[in-house]
Chemist: 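Pasting a structure below so you can have a look.
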Number of protein chains: 2
Amino acid sequence: MREYRHPQITEVQLESVLYALSDPIRLSIVRQLAREGEATCAALENGRPKSSMSHHFRVLREAGIIKTRNDGTSRINELRDDELAEVFPGLLPAILAVRSKNNVAEWTS
Amino acid sequence: MREYRHPQITEVQLESVLYALSDPIRLSIVRQLAREGEATCAALENGRPKSSMSHHFRVLREAGIIKTRNDGTSRINELRDDELAEVFPGLLPAILAVRSKNNVAEWTS
DNA sequence: GCTATTGTTCGAATAATATCGAACTATCGA
DNA sequence: TCGATAGTTCGATATTATTCGAACAATAGC
């Protein structure tokens with residue numbers, strides 16, 4: 001499977017980052033990645049359809065928030081937190097510091 | 001004209017704040033308010049139709065980002081930055097610290 | 001090569017947003 | 001009371017997102 005295109009961190013736009021993170025599912029992905037370091041797509045889809053999740057991963061990737069690499073048949077995702085800190089210092093930490101009130105996995109069922 | 005309903009700051013949702021700020025026009029409104037303290041709607045619409053701007057002010061207001069009060073025929077807007085700092089510490093400063101590359105007023109004409 | 005696993009892409013339906021003119025409301029001042 | 005001023009609301013249109021099944025692609029293991 002071909003490699004993904006990740007934007008240069010200097011090309012990343014604040015608006016796109018904010019938009020990508022304004023979705024509860026994507027936000028929960030990012031929170032989980034912040035906790036666990038890196039994770040496959042499968043580990044992050046909480047019973048949701050793969051195609052939906054694939055869409056969300058793409059939005060996060062194109063916004064410059066995550067980096068995806070191939071590992072066999074899996075894709076491994078990780079936050080680009082260090083890079084994001086260069087261009088938007090304090091932004092991701094401020095967002096991650098907010099405790100999530102509603103668990104996404106909860107309103108899946 | 002009747003008063004606006006502003007959400008309690010504790011009811012404000014991170015997702016809504018991020019969404020509201022993911023729009024370039026709304027972001028430019030917030031930046032301008034951060035510079036100038038408070039401003040009327042007219043002072044913030046850069047030649048755009050009033051009805052469009054009214055929509056954006058509403059989104060910002062309902063997200064808990066601005067507060068609007070009446071003053072004669074004008075509405076005066078201000079950031080709820082102190083309150084936002086209570087629930088999302090560091091978030092607004094991190095966003096406002098990002099220098100805007102494209103001036104919104106620029107691509108108006 | 002066959003099969004299972006993991007994810008992507010496509011396509012179509014649905015939903016949400018943005019945009020802006022037109023009509024309307026409220027207030028101020030003469 | 002009559003503009004003039006400042007915004008809001010309505011309604012219609014256009015654009016963009018979300019969702020998810022179905023088909024597809026790539027890899028690992030046997």
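Lettering follows sequence order; numbering is per chain, from 1.
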Chemist: Does A/S22 use its side chain to pair, donor to acceptor, with the backbone of A/Y19 at less than 3.5 Å?
Modeler: yes
Chemist: Just do the side chain to side chain contact (heavy atoms under 4.5 Å, CB included) check on A/R35 and A/Q32 with the steps written out, would you?
Modeler: CA-CA 5 Å; A/R35 280 198 310 274; A/Q32 196 169 336; 3.5 Å; yes
Chemist: Is a side-chain N or O of B/R75 found less than 3.5 angstrom from the main chain of B/C41, in a donor-acceptor match?
Modeler: no
Chemist: Taking salt bridge (Lys or Arg N to Asp or Glu O under 4.0 Å) as the definition, give me every residue that meets it alongside B/K50, ordered by chain and number, with sequence neighbours left out.
Modeler: B/E45
Chemist: For B/L18 and C/dT17, give me the distance from atom CG to atom C1', rounded to whole Å.
Modeler: 17 Å
Chemist: Please tell me which of A/D23 and A/D71 maps to the more 5' nucleotide of DNA chain D, matching each residue to the nucleotide holding its nearest heavy atom.
Modeler: A/D23
Chemist: Checking B/E36 now: which residues fulfil salt bridge (Lys or Arg N to Asp or Glu O under 4.0 Å) with it, not counting sequence neighbours?
Modeler: none
Chemist: Compute both the distance and the angle, then confirm whether B/R61 meets the cation-pi test with B/Y4: under 6.0 Å from the six-membered ring centre, within 45 degrees of the axis.
Modeler: yes
Chemist: For DNA chain C, which residues in residues 38-45 of chain A have a heavy atom at a distance below 4.0 Å?
Modeler: A/T40, A/C41, A/A42
Chemist: Knowing that exactly one of A/L60, A/L33, A/L84 qualifies, which makes a side-chain contact (heavy atoms from CB on, under 4.5 Å) with A/L79?
Modeler: A/L33
Chemist: Can you tell me if B/Y19 touches the phosphate of C/dA18, counting only side-chain N or O atoms and a distance under 4.0 Å to OP1 or OP2?
Modeler: yes
Chemist: Would you kindly give the CD1-to-P distance between B/I25 and C/dC20, to the nearest whole Å?
Modeler: 8 Å
Chemist: Can you check nucleotides 9-16 of chain D for protein contacts, nitrogen or oxygen pairs under 3.5 Å, and list what you find?
Modeler:
unit_1	atom_1	unit_2	atom_2	d
D/dT9	OP1	B/R2	NH2	2.8

Chemist: How would you list, by chain and number, every residue that makes a side chain to side chain donor-acceptor pair (under 3.5 Å) with A/E38, sequence neighbours excluded?
Modeler: A/R69
Chemist: Between the axis at one end of the helix from C/dG1-D/dC30 to C/dA30-D/dT1 and the axis at the other (five pairs apiece), what's the angle to 10 degrees?
Modeler: 20°
Chemist: Would you mind telling me which of A/V59, A/N77, A/D81 makes a side-chain contact (heavy atoms from CB on, under 4.5 Å) with A/I66?
Modeler: A/N77
Chemist: May I ask you to evaluate whether B/R26 reaches the phosphate of C/dA18, defined as a side-chain N or O under 4.0 Å from OP1 or OP2?
Modeler: yes
